[in-house]
Every structure is written in structure tokens, then in C-alpha cells.
Amino acid sequence: MKKVIPFAHDLLRETVKPGEIVVDATCGNGHDTAFLSKLVGDKGTVYALDIQQQAIDRTRLLLEQQRIFNVRLLLADHQYVKTYIPATSHGQIGGAIFNLGYLPGSDKQTITTPESTIGAIRALADIMKPGGLIAIVVYYGHQGGQLEKQELLDHLAGLDQKEFSVLQYAFINQQNNPPFLLALQKKG
Ligand code: SAM
């Protein structure tokens with residue numbers, strides 16, 4: 001069975017097409033940004049957001065090392081993602097990914113919060129193409145993580161099944177709060 005992040009990438013691979021616009025809502029060290037960049041290719045665009053300068057710097061370095069040029073890096077809170085994407089592209093976003101929690105290798109002081117995460121998911125769901133998919137990798141072992149996990153599950157479980165399909169992918173016999181995946185797909 002695939003681990004959570006490879007499984008999330010598989011779902012995006014099945015959904016996103018070359019040339020599309022996609023979003024990495026928590027770019028961190030830039031690994032998902034690089035993955036999305038390759039998925040959409042030269043004619044596509046990745047909007048990669050993070051609220052910490054340290055994460056933007058690390059992602060920029062990774063992109064330079066990999067000679068990646070189709071990424072717009074934004075030091076910004078992801079709940080305002082809509083304001084950075086031109087209105088002409090609203091309704092055409094192919095996919096998005098979140099990795100919740102803190103930046104690996106940081107002081108763990110800055111974490112994703114229920115308010116901003118759910119705000120960003122709402123905003124992205126609104127501007128997604130029909131069939132577009134949002135993958136959310138949920139880490140919840142840190143302080144504040146349980147609350148975010150519960151609010152997110154409550155929010156996503158309450159979405160209208162006529163508008164969205166929502167999936168949970170989780171290993172239920174692992175120790176120490178293993179990450180799990182939530183994915184929502186907009187119906188066409
Ligand atoms: N996907 C990343 C990678 O491949 O390395 C790891 C992301 S890390 C688990 C979570 C990131 O979310 C941190 O870098 C943190 O700064 C960022 N973050 C927290 N709150 C945010 C917000 N409101 N908007 C955007 N990014 C945020």
C-alpha cells in the first residue's frame with residue numbers, strides 16, 4: 001500500500017493536465033512545489049504559498065537547483081489565495097495540495113490553523129475546475145494539531161455530496177499520530 005504523500009501525488013497525477021494552473025498552499029521545503037511543477041510542465045503555472053520567509057527561501061533554492069521556472073512564489077497566507085490568481089483563471093484551477101503542521105527543521109512556532117486552512121480550502125474549492133482535486137496531508141501530532149484535524153474533518157464531512165466527493169486515506173494501526181490524507185474533488 002502506498003504511503004500518504006505518494007498516494008496524494010497519484011490522485012493529482014490522475015486529475016491535473018499539462019498546461020494547467022495548480023496551487024501548493026503550504027510550500028515549506030518545496031518538495032510538493034517541484035512535483036506540481038513537473039506535472040503541469042512549461043506551459044503550466046504553480047502558485048506556491050507559505051506564510052514564512054524561511055520556507056519561501058528554501059523552496060526558491062530547491063527550484064533553482066532543479067532549474068524550475070514555472071512557479072510563482074508568494075509569501076502569503078493561503079486563505080487569501082484567490083487574490084493572487086487572475087480572475088480570468090478562476091474556475092480553471094486543476095489541483096492543489098496542503099501539508100499541514102509546521103515547517104520541518106524549524107522551531108515549530110508557526111503552524112497551520114483551522115481558520116486559515118478551512119478558509120483556503122473554501123477559496124480553492126470555489127475556483128477549481130470541475131473534476132479538480134485538493135489533497136490535504138494532515139499532520140496532527142503537534143500542539144494544536146488535534147483541533148485542526150477535528151475542525152477539518154467536521155467541515156469536509158459536511159460538504160454537499162452533490163458538489164464534492166471527499167476521501168480519507170489513513171493507516172489505522174500505526175503508532176504516534178501518523179499523517180493521513182483528505183482529498184476533495186469538485187463534481188463536474
Ligand atoms: N509541503 C512542504 C514540503 O514539501 O516541504 C511542507 C509544508 S510544512 C508541513 C507546513 C507549512 O505551512 C510551513 O512551512 C508553514 O510555514 C506553512 N503555513 C502555516 N500557515 C500557513 C498559512 N496560513 N498560509 C500559508 N502557509 C502556511
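Counting convention: from 1, in listed order, for ligands and their atoms alike.
- With a 4.0 Å heavy-atom cut-off, ligand 1 is reached by the backbone of Ala25 but not by any atom from C-beta on.
- Between atom 17 (C) of ligand 1 and the options Thr33, Thr113, Asp50, Thr117, the minimum heavy-atom separation is to Asp50.
- Test Ile85, Ile97, Ile127 against Val23 for side-chain contact (heavy atoms from CB on, under 4.5 Å) and you get one pass: Ile85.
- Taking a cut-off of under 4.0 Å to the non-hydrogen atoms of Ser116, the atoms of ligand 1 that pass are 23 (N).
- Looking only at atom types and distance, the side chain of Asp32 has a donor-acceptor partner in the side chain of His9 under 3.5 Å away.
- Counting only heavy atoms of the protein, atom 27 (C) of ligand 1 lies nearest to Ile51 CG2, 3.7 Å.
- Heavy atoms of Ser106 found under 4.0 angstrom from ligand 1: none, in either backbone or side chain.
- Residue contacts with ligand 1 for Ile111 involve N, CA, C or O but no side-chain atom from C-beta outward (heavy atoms, distance under 4.0 Å).
- Taking every heavy atom of Asn99 and a limit of under 4.0 angstrom, the matching atoms of ligand 1 come to 1 (N), 6 (C), 7 (C), 8 (S), 9 (C), 10 (C).
- Gln79 and Asp77 share a side-chain donor-acceptor pair at under 3.5 Å.
- Ranking protein heavy atoms by distance to atom 24 (N) of ligand 1, first place goes to His78 N, 2.9 Å.
- When atom types are taken as modelled, the side chain of Thr117 and the backbone of Pro114 share no donor-acceptor pair closer than 3.5 angstrom.
- Using a cut-off of 4.0 Å between Lys/Arg side-chain N and Asp/Glu carboxylate O, Lys129 and Glu20 are scored as salt-bridged.
- Protein heavy atom nearest atom 9 (C) of ligand 1, with residue, atom name and distance: Tyr102 O, 3.2 Å.
- Atoms of ligand 1 lying under 4.0 Å from any heavy atom of Thr26, numbered from 1 in the order shown and given with element: 1 (N), 2 (C), 6 (C), 7 (C), 11 (C), 12 (O).
- At a cut-off of 3.5 Å, with distance as the only test, a side-chain donor of Asp24 or Thr33 sits close to an acceptor on the other residue.
- No part of Tyr139 comes within 4.0 Å of ligand 1, judged by heavy-atom distances.
- Residue contact check for ligand 1: Ala76 places a non-hydrogen atom closer than 4.0 Å to it.
- Within the 4.0 Å heavy-atom criterion, the part of Leu100 lying near ligand 1 is the backbone and not the side chain.
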With side chain to side chain donor-acceptor pair (under 3.5 Å) as the test, would you mind laying out the steps for Glu148 and Thr112 before giving the verdict? CA-CA 8 Å; Glu148 184 175 37; Thr112 50; 3.0 Å; yes
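- Between Tyr102 and His142, the angle of the ring planes goes over 60°, which puts this pair in the perpendicular group of the 30/60° scheme.
- Geometrically, Lys149 engages Tyr140 in a cation-pi contact defined by less than 6.0 Å to the ring centre and at most 45° from the axis.
- Remark: ligand 1 atoms within the under-4.0 Å shell around heavy atoms of Cys27 are 1 (N), 2 (C), 3 (C), 5 (O).
- Those atoms of ligand 1 with a heavy atom of Gly30 less than 4.0 angstrom away are 3 (C), 5 (O).
- Numbered from 1 in the order shown, with element, the atoms of ligand 1 that lie under 4.0 Å from a heavy atom of Asp32 read 1 (N), 4 (O).
- Side-chain polar atoms of Gln66 and Lys38 form a donor-acceptor pair below 3.5 angstrom.
- For the atom pair Leu184 CG and Ser165 OG, the distance stands at 9.0 Å (nearest 0.5 Å).
- Annotation for ligand 1: atoms under 4.0 Å from non-hydrogen atoms of Asp77 are 22 (C), 23 (N), 24 (N).
- Asn70 and Thr45 form no side-chain donor-acceptor contact under 3.5 Å, judged by distance and modelled atom types alone.
- In this structure, the protein non-hydrogen atom closest to atom 5 (O) of ligand 1 is Asn29 N, 2.9 Å.
- Of all protein heavy atoms, the one closest to atom 19 (C) of ligand 1 is Thr112 CG2, 3.5 Å.
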